[in-house]
Amino acid sequence: MLNLRRLICLVCVGLMVGGIPYSCSERHTESQPVLYVSILPLRDIVHRLVGDDFRVEVLVPAGASPETFEPSARQFVELNRAEMLFNVGLIPFERALLSKVEDQRKIVALSDGIELIEGACGHNHVHGEEAHGVDPHVWTSPRALRQMAENAFRSIHRSYPDSTKYEANYAALQLALQELDETVLRKIAASDRKSFIVYHPALTYYARDYGLKQVSIEEDGKEPSARRMSRLIEYARKEGIKHIFCQKQFPVSTVQIITDDIDGEVVIFDPLSEDVVDNILKITDLILQ
């Protein structure tokens with residue numbers, strides 16, 4: 001991490017220049033320089049750092065799935081014109097698309113430095129073929145987000161070393177993520193909840209970093225067998241689990257079978273929501289309810 005004392009001193013400057021916004025401003029214009037991010041949660045991080053100095057565009061729009069995403073011709077042209085391209089660095093569509101960008105030096109993989117978890121999930125399906133590799137959902141953990149924010153800032157700072165505003169924004173962002181980390185840790189420590197069931201394993205890093213057990217209904221990106229469904233129902237009853245999670249990009253039919261059997265409830269959540277801080281707090285409260 002960069003010098004924390006210096007960062008804290010810069011927080012007040014960050015607040016004076018307008019604070020850290022939670023979503024992109026409507027004041028962006030077509031004449032502004034452009035930064036691109038691969039998914040919405042990354043736009044929140046990057047926009048908190050640069051404010052309204054750039055137009056921060058996202059490849060995968062709200063409501064769309066990274067698994068089925070196909071860029072438009074306009075997006076591909078803009079990718080080559082963008083100042084920097086921020087991506088997770090682990091999602092197959094990112095690697096396939098960004099490998100075609102002419103200037104590879106402007107591509108920033110925000111997962112660098114994070115201890116990765118091996119695994120296979122739906123994000124690893126490319127053109128009908130399953131590739132077993134690394135779980136890409138690093139942005140769902142506040143602790144991983146702190147490293148991602150540092151990676152983004154270092155790249156921005158290299159290109160714009162004289163901007164004290166970006167340093168101030170980074171300091172404020174790191175303090176916000178530290179507070180998020182502490183809040184999540186405190187809430188989980190005060191709860192008896194030790195595990196949760198989710199259709200698609202989108203909270204792997206979150207579960208690891210906070211000592212929870214994530215039980216996935218999906219098996220290697222596929223629908224579960226009847227035997228696995230029976231075991232999941234038995235596990236939910238044993239652990240007193242009444243809320244089964246399903247992200248909004250997936251069908252709820254399989255989840256509904258389990259909740260009907262345990263007299264439970266389907267909880268819809270969106271790990272691709274743009275406001276990462278608020279979203280993680282909401283997810284925490286849903287898990288612990």
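All residue numbers in this chain count up from 1 along the given sequence.
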Give the table of side-chain donor-acceptor pairs shorter than 3.5 Å for residues 183-190, with sequence neighbours excluded, one pair per line with atom names and distance.
residue, atom, partner, partner atom, Å
T183, OG1, E179, O, 2.8
K187, NZ, D285, OD1, 2.8
K187, NZ, D285, OD2, 3.4

- Query: Centres of the H200 and F250 rings: under 6.0 Å?
  - Reply: yes

- Residues in side-chain hydrogen bond (donor to acceptor under 3.5 Å, both in side chains) contact with Q214, at least two apart in sequence or another chain: T204

- R231 meets the side-chain hydrogen bond (donor to acceptor under 3.5 Å, both in side chains) criterion, sequence neighbours left out, with none

- Query: What pairs meet the salt bridge (Lys or Arg N to Asp or Glu O under 4.0 Å) rule with one or both residues in residues 103-114, with sequence neighbours excluded?
  - Reply: D103-R105

- Message: Under a 4.0 Å threshold between the charged nitrogen and the carboxylate oxygen, would K165 count as salt-bridged to E167?
- Response: no

- Message: Taking the ring of F54 and the ring of Y36, is the distance between their centroids below 6.0 Å?
- Response: no

- Message: Can you tell me how the ring of H137 sits relative to the ring of W139, calling it parallel under 30°, perpendicular over 60° and tilted otherwise?
- Response: tilted

- May I ask you to decide if V88's main-chain N or O and S111's side chain share a donor-acceptor pair within less than 3.5 Å? yes

- Task: Assert yes or no for the condition that the ring centre distance of Y210 to Y206 is strictly below 6.0 Å.
- Result: yes

- Message: Quick one: does any side-chain atom of Q247 pair with a main-chain N or O of A202 as donor and acceptor, under 3.5 Å?
- Response: no

- Task: Applying salt bridge (Lys or Arg N to Asp or Glu O under 4.0 Å), name anything that partners K242, two or more places apart in sequence or on another chain.
- Result: none

- Message: Surrounding CD of E102 (heavy atoms of other residues, nucleotides or ligands, distance under 6.0 Å), is the total greater than 12?
- Response: no

Enumerate donor-acceptor pairs with a distance under 3.5 Å from any side-chain N or O in residues 265-273 to protein atoms, sequence neighbours excluded.
residue, atom, partner, partner atom, Å
D270, OD1, Q249, NE2, 2.8
D270, OD1, L272, N, 2.9

- Task: Compute whether any side-chain donor of one residue and acceptor of the other, for Q178 and Q174, lie under 3.5 angstrom apart.
- Result: no

